[in-house]
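Encoded as structure tokens, the structure appears first; notes follow it.
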Amino acid sequence: MLMLFNARYLSTLTQMKINILAFGIAKEIFGGTTINLDVDNDATVSNLKYLLEGKYPRLKKLAAYMVAVNSEYALDGDTITERDEIAIIPPVSGG
Amino acid sequence: MLMLFNARYLSTLTQMKINILAFGIAKEIFGGTTINLDVDNDATVSNLKYLLEGKYPRLKKLAAYMVAVNSEYALDGDTITERDEIAIIPPVSGG
Amino acid sequence: MSTEIKLSVSTLNVQQCIDWVMSPECGGINVFIGTVRNATKGKPVVRLEFEAYDKMAIAEMEKIAKQAAEKWPVQKILIHHRTGVLQIGEIPVIIAVAAAHRDAAFDACRYIIDTLKQTVPIWKKEIFEDGEVWVAAHP
Amino acid sequence: MSTEIKLSVSTLNVQQCIDWVMSPECGGINVFIGTVRNATKGKPVVRLEFEAYDKMAIAEMEKIAKQAAEKWPVQKILIHHRTGVLQIGEIPVIIAVAAAHRDAAFDACRYIIDTLKQTVPIWKKEIFEDGEVWVAAHP
């Protein structure tokens with residue numbers, strides 16, 4: 001019980017505010033070119049997607065979307081830090 | 001015997017003079033852009049090649065060569081007439 | 001091997017692109033030019049709008065050029081992509097590849113456009129008379 | 001489908017060729033540009049000379065364009081080929097193909113240059129410092 005309490009306490013202490021860039025249809029889903037989000041300090045890309053899909057259910061209607069961290073496609077297990085540049089990449093259609 | 005004589009006689013009577021265009025290395029082999037040749041009236045492309053190779057042995061040294069009749073690649077069995085435009089097509093190298 | 005990768009808000013110039021890839025060591029140049037079609041699945045298109053995540057788009061295009069140069073013996077790779085509003089007939093993309101021999105130029109050019117369309121963060125919105133659609137966004 | 005086939009004794013113009021194939025129905029243009037290399041198998045080339053059996057070369061190029069249009073859904077095919085003396089870096093051939101979709105443009109363009117090199121009666125002489133060779137004439 002104490003450990004659980006500590007974990008919760010730490011988690012609250014170590015939340016971070018991240019800024020997320022949106023492009024294409026993601027801009028319309030978020031209602032802007034960037035959004036701010038509070039996530040746990042040790043959050044993964046997967047955690048971030050879960051939070052975003054809760055807040056913006058239209059994301060789940062997309063054919064697919066990726067998360068980019070520092071201009072690179074990120075994997076679900078990758079962790080995010082406050083200094084990272086994070087972007088939501090809906091299906092690309094250049095060319 | 002009579003028939004054989006007749007055939008020979010007719011063959012001589014029905015020779016034709018054809019004009020042959022030369023391009024690329026064939027020009028150098030023939031020593032000019034056209035040559036004239038006497039061939040039988042019922043000559044085929046194959047007959048023509050045989051005559052030419054006898055007269056211009058360097059033709060046999062080519063990687064290959066084709067005969068064009070009226071701007072179309074001709075087959076060995078195709079016959080030639082006096083009105084045809086005949087050309088020797090050494091290996092092409094355009095592009 | 002040298003590359004020129006560019007995102008541009010102004011008209012792409014085909015002649016300049018070809019001049020850039022030409023070199024006396026190369027015998028073949030293959031060029032792909034995308035153009036804005038006047039219709040999608042029979043529906044008239046009014047114009048297109050392209051948006052890019054510039055920094056990442058450049059990085060991804062550089063990756064693709066590098067991969068192509070590893071796969072095929074090519075000398076020069078150019079990728080220019082437009083952003084902003086494009087009218088019918090305008091050019092969203094030019095890819096030009098020069099190589100000593102043509103097979104490498106064809107293969108690399110095709111690989112670059114195929115991969116660009118899959119991975120480079122650029123988005124195209126089609127504007128119709130009665131609405132607009134982000135291409136490929138939905139299944 | 002429309003085609004423009006040309007043999008020319010003067011400089012080929014890439015921009016004009018591309019302008020000719022562009023059309024609002026097409027989304028993709030593939031262009032092959034041959035250029036005169038400064039060396040063949042490491043040996044410096046001074047210049048090239050191209051000779052054509054004009055009438056038949058045009059007829060064969062028209063056949064190739066027709067075959068390509070039967071094989072792939074393309075809208076426009078242009079084939080321009082030079083004759084005469086070409087210096088290093090000059091353009092012996094431009095092939096441009098426009099199609100609604102890029103795969104057809106790539107496939108047709110490549111088919112055209114590959115087939116042209118096999119069947120069109122045009123001959124290239126390479127001039128070196130110490131002599132000259134009709135390309136492909138001998139085994």
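Heavy-atom basis, side chains included; hydrogens, waters and symmetry copies ignored. Computed from a prediction, not measured in an experiment: that's the story for all the values here. Residue numbers begin at 1 in each chain, while the letters A, B, ... track the order of the sequences.
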> Got a donor-acceptor contact below 3.5 angstrom from the B:Ser93 side chain to the D:Lys124 backbone?
Replying inline: yes

> Does atom CZ of D:Phe128 have more than 12 heavy-atom neighbours from other groups under 6.0 Å away?
Replying inline: yes

> In Å, rounded to the nearest 0.5 Å, how long is the span from CD1 of B:Ile89 to CD1 of D:Ile122?
Replying inline: 11.0 Å

>> Is the shortest side-chain heavy-atom distance between B:Phe23 and D:Pro121 below 4.5 Å?
In response: no

> What's the verdict on side chain to side chain contact (heavy atoms under 4.5 Å, CB included) for D:His138 and B:Leu62, showing C-alpha distance, side-chain angles and the deciding distance?
Replying inline: CA-CA 5 Å; D:His138 293 106; B:Leu62 296 180; 3.8 Å; yes

> Of the backbone (N, CA, C, O) and the side chain (C-beta and beyond), which part of D:Val135 lies under 4.5 Å from a heavy atom of chain B, both, or neither?
Replying inline: both

>> With a 4.5 angstrom heavy-atom cut-off, is it the side chain or the backbone of D:Ala57 that approaches chain B, or both, or neither?
In response: neither

>> Let's go through B:Asn70 and D:Met56 carefully: what are the C-alpha distance in whole Å and the side-chain angles of both, what is the deciding distance for side chain to side chain contact (heavy atoms under 4.5 Å, CB included) to 0.1 Å, and is it a yes or a no?
In response: CA-CA 8 Å; B:Asn70 300 324; D:Met56 183 175 172; over 6 Å; no

> Checking D:Trp134 against chain B: side chain, backbone, both or neither under 4.5 Å from a heavy atom?
Replying inline: side chain

>> Any heavy-atom pair between the side chains of D:Glu51 and B:Lys27 that's under 4.5 Å?
In response: yes

> For B:Pro91 and D:Ala137, which heavy atoms make the closest approach, and how far apart are they?
Replying inline: CG-O, 3.7 Å

>> Pair B:Glu85, D:Lys55 - check side chain to side chain contact (heavy atoms under 4.5 Å, CB included), show working.
In response: CA-CA 11 Å; B:Glu85 179 171 300; D:Lys55 183 168 49 170; 2.8 Å; yes

> So, for B:Gly95 and D:Pro92, which heavy atoms are closest and what is the spacing to 0.1 Å?
Replying inline: O-CB, 4.0 Å

> Is it the side chain or the backbone of B:Glu72 that comes within 4.5 Å of chain D heavy atoms, both, or neither?
Replying inline: both

> Hey, which of B:Leu21, B:Val92, B:Ile88 is the one that makes side-chain contact (heavy atoms from CB on, under 4.5 Å) with D:Tyr53?
Replying inline: B:Leu21

> Is it the backbone or the side chain of D:Glu60 that comes under 4.5 Å from a heavy atom of chain B, or both, or neither?
Replying inline: side chain

> Side chain, backbone, both or neither: which part of B:Tyr73 has an atom under 4.5 Å from a heavy atom of chain D?
Replying inline: both

> So, D:Trp123 side chain and B:Pro90 main chain: donor-acceptor pair closer than 3.5 Å or not?
Replying inline: yes

> Between D:Arg82, D:Lys125, D:Lys63, which has the largest tally of heavy atom pairs under 4.5 Å with chain B?
Replying inline: D:Lys63

